[in-house]
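Worksheet: one structure, shown below.
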Amino acid sequence: RLNLGFTPGQVASNQAAREIEGGFASLPGDNPIRIERAANEAAAAAKADELISTYGGSIDKAGFSDDFLKQHLKTVDDLQTQSNALYDQIASGIPKATVVDPVSSLVLLKDRIASGGSKGDSLLLPAERKALAYLSSGDATYAGVDAIRQQVGQALGKQESPFAKSDVGLLKQLYSKLTDDQGSAAKAFGLGDTWTTAKALVSQRKTLEENLTTLVGKDLDGAVTKTFGGAVAKLSKGDFKDFDKYMAAVPPESRQALMVTSLNNVFTHGGRSQDKLSLPGFSNFARDLARNTAAQERLYKYLPPEIHGP
């Protein structure tokens, strides 16, 4: 709520009404309409900026996007550091030569072969057949299983790996099963809780990485304010598909700040510039949004009540 006064032409949805008043405002001399319109626009722009800043947003969208990415990449790194420390603790507690029974991984690979009938062996690539031979040898060690898991993880991360040409679906399943087999070994050595915590940290990190990709692109070179701001602009048309998708990817602690920052897109809606308040565009957005209750509820959900009122 800007709670400001405007001339009729500044908030009119009718193009003709805006043009008529604009024509009067363009007349030379000490034009009271032009003076009033300019004062209204300056006051509204200042109020809009104040509102955004007061409730945790930023009028510097580029700066906000940069800080957002840096903050959450740091969280990714912190989660990686924490899980690595726990895995190191587990590795030091389990002798590397400890023989393990990788039953979950074996069942997966053998079932894949069985699904192909007489030609089942052809369903496995060389790296997969080599892994199967090692895992079924009866001499598979904890360290050996861990090495295979890491190679599979590298392939999933598009890094150089013996499994680089393997089917992604199979790799995801194999990674999960290898992890389960290592978890069983960790439990046998009294490290089950540590393993569970480390696995949860990895899952949390991967989810955050995937969400960042959704918000700023796979190369992490996009701007979250551009991605989300575009979704906010669509709400006035009753289109909340992108809004729901992107908001779900935003960490809960960042949602209000991003939502308030995205009010920049609301205030400049329909204008020629992305950094200049558009009173007719803002008026149209608010009116159209009010007609789409489901979309309006989504917008209001992440805004402080002081902004939108009861």
Side-chain angles (χ1 to χ4, degrees), residues 1-8 10-13 39-69 71-72 75 207-208 211-212 214-216 223-271 273-310:
R1 293 185 173 185
L2 298 181
N3 296 321
L4 295 169
F6 304 110
T7 65
Q10 285 182 304
V11 294
S13 59
N40 289 344
E41 289 176 359
K47 185 66 177 179
D49 288 350
E50 177 188 347
L51 183 148
I52 290 172
S53 299
T54 298
Y55 293 102
S58 174
I59 59 175
D60 179 2
K61 293 192 290 184
F64 181 94
S65 292
D66 190 45
D67 290 343
F68 178 93
L69 183 59
Q71 174 190 342
H72 294 299
T75 301
T207 297
L208 181 53
N211 286 342
L212 286 176
T214 297
L215 292 169
V216 299
V224 66
T225 51
K226 181 178 181 180
T227 300
F228 193 71
V232 170
K234 292 181 180 180
L235 288 178
S236 65
K237 305 182 189 307
D239 182 352
F240 47 74
K241 180 179 178 181
D242 284 350
F243 182 92
D244 288 349
K245 172 185 175 182
Y246 296 132
M247 184 59 86
V250 177
E253 67 273 15
S254 299
R255 288 175 181 172
Q256 179 172 303
L258 178 59
M259 185 68 258
V260 175
T261 298
S262 296
L263 290 179
N264 283 291
N265 296 77
V266 174
F267 294 139
T268 60
H269 185 76
S273 172
Q274 289 298 305
D275 57 4
K276 184 177 181 180
L277 179 70
S278 170
L279 293 179
F282 171 57
S283 178
N284 289 341
F285 179 93
R287 184 181 59 255
D288 292 343
L289 184 68
R291 296 171 180 168
N292 293 284
T293 305
Q296 185 182 61
E297 289 176 349
R298 282 167 166 79
L299 182 74
Y300 286 0
K301 179 179 179 180
Y302 300 101
L303 288 174
E306 294 87 350
I307 290 183
H308 58 76

Short question: side chain of N264, backbone of S58 - any donor-acceptor pair under 3.5 Å? yes
Between M247 and F228, what is the shortest heavy-atom contact and its length? CE-CZ, 3.3 Å
List for me each residue that meets side chain to side chain contact (heavy atoms under 4.5 Å, CB included) alongside T225, sequence neighbours excluded, and say none if there are none. K61, F64, S65, A223, L258, T261
d(K237 NZ, D288 CG) to nearest 0.5 Å is 7.5 Å
Rounded at 0.5 Å granularity, tell me how far CZ in F243 sits from CZ in R298. 8.0 Å
Beyond-backbone contact of V266 with L289, side-chain heavy atoms, under 4.5 angstrom: no
Note: F68 and P251 closest approach over all heavy atoms is CZ-CD, 4.2 Å
Minimum heavy-atom distance A295-G238, with the two atoms named: CB-CA, 4.3 Å
Among residues two or more places apart or on two chains, list those pairs meeting side chain to side chain donor-acceptor pair (under 3.5 Å) that have a residue in residues 246-255. H72-S254
Once rounded to the nearest 0.5 Å, what's the spacing between atom NZ of K241 and atom NZ of K234? 9.0 Å
Is there a donor-acceptor pair under 3.5 Å between the side chain of N292 and the backbone N or O of S236? yes
Take V232 and L299 through the side-chain contact (heavy atoms from CB on, under 4.5 Å) test and state the conclusion after the steps. CA-CA 8 Å; V232 170; L299 182 74; 4.2 Å; yes
Taking the side chain as C-beta and beyond, is there a heavy-atom pair between L303 and V260 under 4.5 Å? yes
Are the charged groups of D242 and K245 less than 4.0 angstrom apart, N to O? no
